[in-house]
There are 2 protein chains.
Amino acid sequence: MNKSDLKLISVLERTGGFASAQELHQILRREGDGIGLTTVYRALQSLVDDKIVDLLRRDDGEAIYRLCGDGHHHHLVCKGCGQTVEIEGGAIENWAKTMAEEFGFREVAHTAEIFGLCSKC
Amino acid sequence: MNKSDLKLISVLERTGGFASAQELHQILRREGDGIGLTTVYRALQSLVDDKIVDLLRRDDGEAIYRLCGDGHHHHLVCKGCGQTVEIEGGAIENWAKTMAEEFGFREVAHTAEIFGLCSKC
DNA sequence: TATGGAAATGATAATCATTTTCATTTGTGA
DNA sequence: TCACAAATGAAAATGATTATCATTTCCATA
Ligand SMILES: [Mn+2]
Ligand SMILES: [Mn+2]
Ligand SMILES: [Zn+2]
Ligand SMILES: [Zn+2]
């Protein structure tokens, strides 16, 4: 947890939703911080490893990051404005476990995200 | 549905699991087909639009494609060998709908995939 | 069958996010 | 202060995907 990591956490706190590495870099630059793009990627990687931020992918495959609450959860993301709600997996946690067992899979993980338009969009 | 689309469907039938555009291109080349990479991308794009193949993303963001069964379903994918089982969403379908309603989201879609190691791996 | 335009094709170049390299700077404990 | 490790960022490399554009293949109609 170094200086750059903290900068990224700070930006992510302010932006709220998901943002790409390039976008986060631009925001920091606009604010007068001369941080390099390389360092932004490094910091994000490190934060993902430490499970402090979540990584998922835009439709075009670009990685997007978001400061995350603790523990396992899922997301409800607005395709219009990017607003994101963290939600519990509820019934799908068992679904994933059951399906995996049924087909003899071990060491399973799962992803589940919901996309739509929020009430404002 | 043109000649190239059919070639891609044929390769996807033979490979079974998910494969990237680059991999599918290599397979066709190895079989003596001189099809261009551009055409492979175009055919895959068209098949995805027509919902004949499914597109998802590797961890590194690379797009992978698979010939799909009809209708809405999810996947159980082996991280070792790529073997893929198509499974029903079951509890997820209601979960997605309920969560979306609760937060006032419209026009919702969802993704849910399970990853693990199959019994052979 | 000939023909003119539309659709398909593929080589090549352009994009663009991400990763590598590597020289320089900064931080830190002895 | 000194030595050494960690952090930083400019620049180049990588690699998937997309855009161009000239050429070829189809196909309907005369
Ligand atoms: Mn989250
Ligand atoms: Mn499928
Ligand atoms: Zn919105
Ligand atoms: Zn396997």
Side-chain angles (χ1 to χ4, degrees), chain A residues 1-12 15 17-68 77 79 82 111 113, chain B residues 1-12 15 17-68 77 79 82 111 113:
Chain A
M1 180 69 65
N2 59 34
K3 203 179 298 181
S4 299
D5 291 355
L6 294 175
K7 284 181 187 174
L8 266 294
I9 289 178
S10 164
V11 190
L12 286 167
T15 60
F18 282 98
S20 72
Q22 308 275 351
E23 289 164 352
L24 294 167
H25 180 236
Q26 281 177 26
I27 293 173
L28 281 168
R29 280 295 176 91
R30 210 175 299 139
E31 294 175 352
D33 193 313
I35 190 172
L37 183 55
T38 309
T39 304
V40 169
Y41 274 105
R42 264 192 298 243
L44 288 171
Q45 186 60 58
S46 146
L47 293 170
V48 168
D49 290 344
D50 295 346
K51 300 185 197 307
I52 294 170
V53 314
D54 236 15
L55 180 169
L56 62 96
R57 304 246 165 217
R58 292 223 169 100
D59 280 346
D60 65 357
E62 187 176 358
I64 50 181
Y65 305 84
R66 180 178 196 271
L67 201 54
C68 252
V77 184
K79 285 183 287 195
T111 65
E113 312 290 336
Chain B
M1 182 69 65
N2 58 33
K3 205 178 297 183
S4 299
D5 291 354
L6 294 175
K7 284 181 187 174
L8 266 296
I9 290 178
S10 164
V11 191
L12 287 166
T15 59
F18 282 98
S20 71
Q22 309 274 350
E23 289 163 353
L24 294 168
H25 180 235
Q26 280 176 28
I27 293 173
L28 281 168
R29 280 295 178 94
R30 210 176 298 139
E31 295 176 352
D33 193 313
I35 190 171
L37 183 55
T38 309
T39 304
V40 169
Y41 274 105
R42 263 192 298 243
L44 288 171
Q45 184 60 59
S46 146
L47 292 171
V48 168
D49 290 345
D50 295 346
K51 300 187 197 307
I52 293 170
V53 314
D54 236 15
L55 180 168
L56 60 96
R57 304 249 164 215
R58 292 223 170 99
D59 279 346
D60 66 356
E62 187 176 359
I64 50 181
Y65 306 84
R66 180 177 197 271
L67 201 54
C68 252
V77 184
K79 285 183 288 196
T111 65
E113 312 289 336

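As a basis for the values below, the full set of heavy atoms in this structure was taken, side chains included, without hydrogen atoms, waters or symmetry mates. Convention: sequence-line order gives letters A, B, ...; per-chain numbering from 1.
Of the candidates dA10(D), dA7(D), dA11(C), dA11(C) carries the atom nearest the Arg29(B) side chain, counting heavy atoms from C-beta on. The side chain of Gln22(A) sits closest to dT18(C) out of dG9(D), dT18(C), dG10(C). Side-chain proximity of Thr38(A) to the nucleotides dA7(D), dG9(D), dT9(C) is greatest for dG9(D). With dT8(D), dT17(D), dT9(C) as the candidates, the nucleotide lying closest to the side chain of Arg42(A) is dT8(D).
Side-chain atoms of Arg58(A) never come within 3.5 Å of backbone atoms of Glu62(A) as a donor-acceptor pair (strictly under, hydrogens ignored). When atom types are taken as modelled, the side chain of Arg42(B) and the backbone of Asp5(B) share no donor-acceptor pair closer than 3.5 angstrom. Judged by distance alone, with hydrogens and angles left aside, the side-chain atoms of Arg57(B) form a donor-acceptor pair with the main-chain N or O of Asp59(A) at under 3.5 Å. Side-chain N or O atoms of Glu23(B) include one that pairs as donor or acceptor with a backbone N or O of Ser20(B) at under 3.5 Å. Listed for the Arg29(B) side chain is a donor-acceptor partner under 3.5 Å among the backbone atoms of Ile35(B).
Listed pair Lys3(A) / dG27(C) meets the phosphate criterion, a side-chain N or O lying under 4.0 Å from OP1 or OP2. The shortest distance between the side-chain N/O atoms of Asn2(A) and the OP1/OP2 oxygens of dT8(D) is below 4.0 Å.
Distance CD (Gln26(A)) to C1' (dC16(C)): 13 Å, rounded to an integer number of Å. For the pair Glu62(B) CD and dA17(C) P, the computed distance is 17 Å after rounding to whole Å. The separation between Asp5(B) atom CG and dT9(C) atom C1' is 12 Å, rounded to whole Å. One can place OH of Tyr41(A) at 13 Å from C1' of dT14(D), the figure rounded to the nearest angstrom. In this structure, the CG atom of Asp60(A) is 13 Å from the C1' atom of dT18(C), given to the nearest Å. Taking atom CD of residue Gln45(B) and atom C1' of nucleotide dA16(D), one finds them 14 Å apart after rounding to whole Å. Straight-line distance from the CE atom of Met1(B) to the C1' atom of dA8(C): 15 Å, rounded to whole Å. Taking atom NE2 on His25(A) and atom P on dC16(C), their separation rounds to 17 Å, with Å as the unit.
Contacts of Gly61(B) with the nucleic acid, taken as non-hydrogen atoms under 4.0 Å apart, are absent. Contact annotation for Leu37(A): base contact, defined as any heavy-atom pair under 4.0 Å involving a base atom. Across all strands shown, Ser4(B) has heavy atoms under 4.0 Å from sugar-phosphate atoms exclusively, and none from any base.
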